[in-house]
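Just below is one structure, and these are the notes that go with it.
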Amino acid sequence: LLLKTVVSHTSLEQVAHEAGVTRGAVNWHFKNRGQLIAEMINHVCLPPEEMVARLNSYGGVNPLRAMYEIASRAFRERSARDKNILVIVLRRCEFTGRLGYVEEYNNKMTDMLLKQSAEIFSQEECIRHLRPGITPALAARAIHVTILGALYDWARTPGKDFPEPE
């Protein structure tokens, strides 16, 4: 249902009907659409702490390569259902009004991930891989927007997998 319409035009009543459950069952788990979307995001996204732990496990490796391998693995670990959730979140949600707090939460998580990524890029074994003039914060932001762009591209293209390294 949410793949076919914009989330803000979909009621929990419609979600319940499409799922074949009662409205009460949906309300038991989700008090509103925002909470439903937040739970969908939590289902498909790596928590920033786990992302940083994965990054730290690549000690001494080129940080760009490590980020690519982590992102690539994360894409490969996603199911078709996860991809559908990403399509809904990235292409069918308007984060305004009642869904505004979901965007605020996402912004906090993004800021945390950027900060932690910049700290990793600041480590001696990582900073030497950065080109002159590229700060750890800029490197973290560049990786973030690259991965986000790959997510958007992946979500908009049915059947497309994350590209493998050459």
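For residues 21-32, every residue pair satisfying the salt bridge (charged side-chain N to carboxylate O under 4.0 Å, His left out) rule, not counting sequence neighbours, is listed here: Glu13-Arg23.
For the side-chain contact (heavy atoms from CB on, under 4.5 Å) test, residues two or more places apart in sequence or in another chain that qualify with Asn32 are Gln35, Tyr101. Remark: Ala25 engages Val21, Thr22 in a side-chain contact (heavy atoms from CB on, under 4.5 Å) (not counting sequence neighbours). Among residues two or more places apart in sequence or in another chain, the salt bridge (Lys or Arg N to Asp or Glu O under 4.0 Å) test is passed with Glu119 by Lys115. A search for side-chain contact (heavy atoms from CB on, under 4.5 Å) contacts involving Thr135 returns Ala137, Leu138, not counting sequence neighbours.
Cluster membership for Leu114 and Met109, using ILVMFWY side-chain heavy atoms within less than 4.5 angstrom, is not shared.
Contact check for Phe121 versus Leu130: side-chain heavy atoms found under the 4.5 Å cut-off. The side-chain heavy atoms of Met112 and Gln116, taken from C-beta on, include a pair separated by under 4.5 Å.
Rounding to the nearest 0.5 Å gives a distance of 5.5 Å between CD1 of Ile127 and OG of Ser122. To the nearest 0.5 Å, atoms CG (Leu113) and NE2 (His144) are separated by 7.5 Å.
Closest of all the heavy-atom pairs between Ala118 and Pro136 is O-CB, 3.4 Å.
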